[in-house]
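A short write-up of the structure that comes next.
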Amino acid sequence: MKPRAVWNPRDLLSAGVIVLTFFLLWELGVRLLDMPVYLLPAPSRVILTLFQNTSLYAQATALTLGEALVGLVLGLSAGFLLASVLVLRPGLEGGVMTLAILVKSTPMVAIAPLLTLWMGFGVLPKIVITALMTFFPVLVNILTGLQRTDPALLDLFRAWHASRWETFIFLRLPSSLPYLFAALKISAPLALIGAVVAEWTGASGGLGRTMWLAYTNLNLPYLFAAIFILAAVGMFLYQFLAWLEARAVFWQVPRQD
Amino acid sequence: MKPRAVWNPRDLLSAGVIVLTFFLLWELGVRLLDMPVYLLPAPSRVILTLFQNTSLYAQATALTLGEALVGLVLGLSAGFLLASVLVLRPGLEGGVMTLAILVKSTPMVAIAPLLTLWMGFGVLPKIVITALMTFFPVLVNILTGLQRTDPALLDLFRAWHASRWETFIFLRLPSSLPYLFAALKISAPLALIGAVVAEWTGASGGLGRTMWLAYTNLNLPYLFAAIFILAAVGMFLYQFLAWLEARAVFWQVPRQD
Amino acid sequence: MHLEIEQLSHTFAGRPPRAALAELSFAVPSGQFTAVIGPSGCGKSTLLRLAAGLLPVQEGSLRLGGQTPAQAGAQRRVAWMAQSPALLPWRTVRDNVLLALRFLPAGHAARLSADEALARVGLSDSANAYPFMLSGGMQQRLALARTLMLDAGLWLMDEPFAALDELTRERLTHELLDLWQAQRPTVLWVTHHIQEALRLADRVVVLSPRPARLILDLPVDLPRPRPESSPAFQALLSRLRAALGLAAAPAEEGA
Amino acid sequence: MHLEIEQLSHTFAGRPPRAALAELSFAVPSGQFTAVIGPSGCGKSTLLRLAAGLLPVQEGSLRLGGQTPAQAGAQRRVAWMAQSPALLPWRTVRDNVLLALRFLPAGHAARLSADEALARVGLSDSANAYPFMLSGGMQQRLALARTLMLDAGLWLMDEPFAALDELTRERLTHELLDLWQAQRPTVLWVTHHIQEALRLADRVVVLSPRPARLILDLPVDLPRPRPESSPAFQALLSRLRAALGLAAAPAEEGA
Amino acid sequence: AAPDTLTFMAGYKPQANLPFVGVYVAQEKGFFAEENLQVDIQHSAGQGQHLQLVAAGEVQVTTQDAGILLQRRSSPGLPLVSIALIGQRGQQAFAALQSSGLKTPQDWVGRTVGYKGSPPPELFALMAANNLSQDDVQLVNVGFDPRILSEGKVDVYPVFKSNEPDMLRSWGYELTLWDPADYGVPSLGLTYVTSQETLDTQPEKLARFLRAALKGIDYASQNLDEAVEIVMKYAGEQADPQHQRFMLETELADYRSPVTEAHGAGWQTEEQWSALAEMLLKYELVKEVNVAGAFTNALLPQNK
Ligand SMILES: Nc1ncnc2c1ncn2[C@@H]1O[C@H](COP(=O)(O)OP(=O)(O)OP(=O)(O)O)[C@@H](O)[C@H]1O
Ligand SMILES: Nc1ncnc2c1ncn2[C@@H]1O[C@H](COP(=O)(O)OP(=O)(O)OP(=O)(O)O)[C@@H](O)[C@H]1O
Ligand SMILES: Cc1ncc(C[n+]2csc(CCO)c2C)c(N)n1
Ligand SMILES: [Mg+2]
Ligand SMILES: [Mg+2]
């Protein structure tokens, strides 16, 4: 009973057809409506721009991806730790969630300069912003996963007089894995966006800065080239996570009807 | 076996203590470090600002909350419909997720002028932006929930030769409710932020505009007053959803060890 | 609906692979009540799942009324009761039964109302309760009621009475035979309870430890009801015991 | 560890509330093997859950070695086997058993190694398999192996053999009595199998339909092993049957 | 007859930028109504949305400083035209804390110079005029936030003369300011902008708009208190009237120049635009320019 391959050939085909159709419609729409390039560039033009500036985009992507991944790991850890604390000490949920929502409600653009003041012009504030943007979905999802453990198994652990900690490690944690992966799939593209937002005005490199420059110059092909990269990297991360999930949650294979 | 009250008195107390401690530390920090108000205002000052401008904030909140809720409903519906389609036609997952991540990767500022062109200067583009910002977590979470149905029950429906549609309505949907609520808890604050972001780039009212004006004037008490409102509304929505969840998923009561 | 099983083998993939059925062959004429007995883990549930179309036929053939399991199942004339109750936790007891009514064969009306079905399994008092409020045996009776609603030509029953006490078993045996005699479906009845098999079935099929092979095919030609104390019953009981004792003796894995 | 149950009542909240135990009283001396029999849904599992500390004692008292269930449980001298297997799906069969070893009473070493325990229940071949690869009976045997690792002073067993065939039951009966005689724990053994109760127990307690009351308390003073054919065995069997027949007859709900 | 409608989008948030003030005052004092115009006033977030919307015809008039206007005309080739030059001198200046001891641009050597997103051409020109090369200073992108300067994270920071200096002073910091114009660097401020198509199809409506808006500016220059009050109606309670007044006064100072003395308010000359264009060409911020198409005086009241 092997996990269903994430990319079986038929799925790959249908994915290709859908994506191609979308780009074709977009291309046609732009051409038929004679949409000016400063409002919406045709995808062909975007892809051309991408290929004409590969090294520019490669460097920017490397920087942003690095920030995004480190920030994601931080945000993930923070969300995970908080969720764990809330499951081990359920009374704290109201207070901690209030603070989490307070942090989540603070626009990143408002605190980005403050972070720059404290942490300088380097990558650190970008990583922190990314972490702040990603921790919330992780917190909510893992908390739900940790709480929704099979009651029959919880009874078993209670009858064993397992400590909270043992119940957490041996029971709640593994059974929350599907929620963890959903959280990761939500957070991975979000981390990329977080890094981009962090770089938007205050960075000297990275996709975010490239995008900002492109946008303020109303150079939309450059802007969309970066968006395509973000989407491609996001999709890659998503597929990687789906692949990992199929292996990690091997005992519960999603099945079709 | 009633659902655990979301706000039992002990939890309420601990929540109060945590939140108050946080604000007290903040207040003390600002006073002891003599933090200038344009860097970080003391919470007391923020709250004062809030109370001195109740009608301003009440109007702005009403507008933004309206946009956020309508946008949330739209985003929720979109995410839900997409997830349903992907569960009924699993081959589409790769293609649809690629497009979803593409949309998710597009900075709203890049498409805001297009939305203005198509929908004018009113609330409609704000609602659309909010919907675009909220649909992704809903899509991922509900998709996971719809896929992770109890295999024993799936076997039952298969043996019944239930149609995909029947399996969806009578089995997958109800059993995905915990994931749906996690998605809602993630998306509710996100919807508020979405509406704020949408207003940030050129609205004529709402909390986003209030925050933008406050921020560009570096009038941080006004900015934080709006953040406090967002957090309070977000918290209210979160608690409401938790309350609803306890009633909707009554058959699976989250239990402590 | 007659059943033909020919050289049916089934092996679960994995490291190592697990053979569950090995070249199993037997046929069940339409309307026959066949009990299936075999040691734990020998492949009884696998056999029923194959017949219910839940597992693909890998080797050999399995025909229900001349059709493949998928074809026969599509007409909804096959009712399968799983070994575990598999109830919908968000539906009341009554609504769990009512749901099954959606899956009647085309053009068939329900023979029993939901409340009647619940009464027959002794769950009337719990009609508005949720499954998590039921005891293990009550859950099994609910699953049974749900299955018996279906008005099927073939009953695939996987230890339907395993969680029930003797008295409840006896009462349900009556109800069941009533229904069976009215509808005359073909029945595959997996059980560990040898007396139960002899009480109910026209024939008892005994399987070997894993992978399941046929080791005894015992017709039960006694008129019903069948008092256990009758010598004929005791004779058959001894034969079955012997067959099972032989079959199970050397195996290490109970299977 | 002796058990004292006095005027124990339990009612589940809800609309309407459900009384599961009604002023139940009996005592089990330390080391006694007591079988509990009663109709489906009468309150047997509820009784065991109360003793395991999984439900709060509402009315009356329940003492394990003079302590409350929580106190006794905290010393990990109480082993509870649930009616459903409750296995960890992400752990192999062996790892499921090994996990139980963490929960031995303080200062106790395991009496059996995990592999030995698996061998005793006939699961050696499946040590590296995952629970979803096991048949229903194999899952139950795994749960049994896990419980017997615990070296407890009190065994609370909820229909541990329900999913097993006669032969496997018989073999496990031997294993179990071996272990019981070596350790001499007190045992509450819920079963629907009257012969099994008589084969194993020092005493059989028969409960009424819901809410459970004591309707028969039958000592079984026969030396083990106990051939079923012996007249003494048959006499006890008849008494039990009669008690159960009477007890269950008028109830509508099988409970 | 029913009034003609027109959408004006201020190029940034509501505040006392002079071209904004003219529109606010014209709206509030009924000058638009006198021209039988119904003006819808919108605000941009300032990153270029207003230019996209004008080019697309959704908005008829916006504001933009002359330098960016030339750049957007060059790339991506937006068909935009300035119809009045309100800021006769550029808004950009460079600031350091007085406590830093920096006196002249030559003192910048070895110091950190911040910039907002991308360095303005005036910075290069100013450094060149002081014989500094880019390698003499450390350029860092610090975003749009003057607190970076007040908290000492950079030594020199570009500011709008009419904006941040007042803000920083209100926090208690004394500043040293360098205005590129004082070093002969050509610069121009905010203009009213329309698209070529709107200009071709609705010149008469635009002229009426311009007449009212310029009248609004005049009115503001003579009624500062009232003008600030009107601005505050748009800017919201978050804004500081004191600060708006400073902005208005500062920008009014650059409203008049020898050119306007000669030709009247809003006038713009080929020389002014060419000088700016040459600087942009020099620092490769534009590839080619067509100065003649970038502006027109045809709609100004004095030409009607
Ligand atoms: N959580 C619950 N909420 C409400 N009622 C419950 C709950 N759990 C059990 N009951 C009720 O309590 C009664 C006793 O249940 P219990 O599980 O103890 O029965 P049992 O004797 O073990 O039956 P069986 O032999 O079928 O397992 C049943 O009528 C059941 O419906
Ligand atoms: N998904 C699976 N993967 C691997 N092996 C499996 C799987 N399902 C069942 N098996 C194996 O197939 C064999 C037969 O299983 P099956 O459930 O048919 O037994 P059974 O006769 O119903 O036993 P029981 O009486 O205990 O229910 C068992 O040895 C089991 O381990
Ligand atoms: C005091 C002052 N503050 C901010 C700006 C920024 N700004 C005003 S309008 C505009 C866009 C073009 O009209 C931009 C970026 C300024 N110029 N002057
Ligand atoms: Mg089975
Ligand atoms: Mg029970």
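Letters go in sequence order (proteins before strands), and every chain restarts at 1.
Taking OG from Ser14(B) and CG from Leu92(A), the interatomic distance works out to 5.5 Å, rounded to the nearest 0.5 Å. One finds the CD atom of Glu245(B) at 7.5 Å from the CD atom of Gln147(A) (value rounded to the nearest 0.5 Å).
Of the atoms belonging to Thr144(B), it is side-chain heavy atoms, and not backbone ones, that fall under 4.5 Å from chain A. Both the backbone and the side chain of Leu39(A) come within less than 4.5 Å of a heavy atom in chain B. Contacts between Pro178(A) and chain B at a heavy-atom distance below 4.5 Å involve backbone atoms as well as side-chain atoms. Neither the backbone nor the side chain of Ile111(A) has a heavy atom closer than 4.5 Å to any heavy atom of chain B. For a residue to count as touching a neighbouring chain, one of its non-hydrogen atoms must lie under 4.5 Å from one of that chain's; by this rule Tyr38(A) does not touch chain B. Of the two parts of Leu223(B), only the side chain, counted from C-beta on, holds a non-hydrogen atom closer than 4.5 Å to a non-hydrogen atom of chain A. Both the backbone and the side chain of Val109(B) come within contact range of chain A, with heavy atoms under 4.5 Å apart. Of the atoms belonging to Ile229(B), not a single heavy atom falls under 4.5 Å from chain A. With a threshold of 4.5 angstrom between heavy atoms, Phe181(B) does not approach chain A through any atom at all. For Leu143(B), the part lying near chain A is the side chain, with the backbone staying farther off; criterion is any non-hydrogen pair under 4.5 Å.
Taking chain A as the reference chain and counting heavy-atom pairs below 4.5 Å, the highest number among Ala100(B), Pro107(B), Pro113(B) is found for Pro107(B). Note: Tyr179(A) leads Tyr179(A), Trp200(A), Tyr238(A), Phe224(A) in heavy-atom pairs under 4.5 Å with chain B. Here Ile193(A) is the residue among Thr21(A), Leu171(A), Ile193(A) with the most heavy-atom pairs under 4.5 Å with chain B. Each of Leu146(B), Val233(B), Val103(B), Ile101(B) has some count of heavy-atom pairs under 4.5 Å with chain A, and the biggest count is that of Ile101(B). Among Leu102(A), Leu40(A), Leu117(A), Val96(A), the residue with the largest count of heavy-atom pairs under 4.5 Å with chain B is Leu102(A). If you tally non-hydrogen atom pairs under 4.5 Å between each of Gly234(B), Ala183(B), Gly145(B), Pro137(B) and chain A, the highest count goes to Pro137(B). Contact count versus chain B (heavy atoms, under 4.5 Å) is highest, among Met35(A), Met211(A), Lys104(A), for Lys104(A).
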Let me see the working for Thr98(A) and Ile18(B) under side-chain contact (heavy atoms from CB on, under 4.5 Å), right down to the final yes or no. CA-CA 9 Å; Thr98(A) 307; Ile18(B) 291 173; over 6 Å; no
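For the pair Asp11(A)/Pro90(B), no side-chain contact is recorded, criterion being any heavy-atom separation below 4.5 Å from C-beta on.
Here the closest heavy-atom approach between residue Gly95(A) and residue Ala15(B) is recorded as N-CB, 3.3 Å.
Residues of residues 214-221 of chain A that come within less than 4.5 angstrom of chain B, heavy atom to heavy atom, are Tyr215(A) in numerical order.
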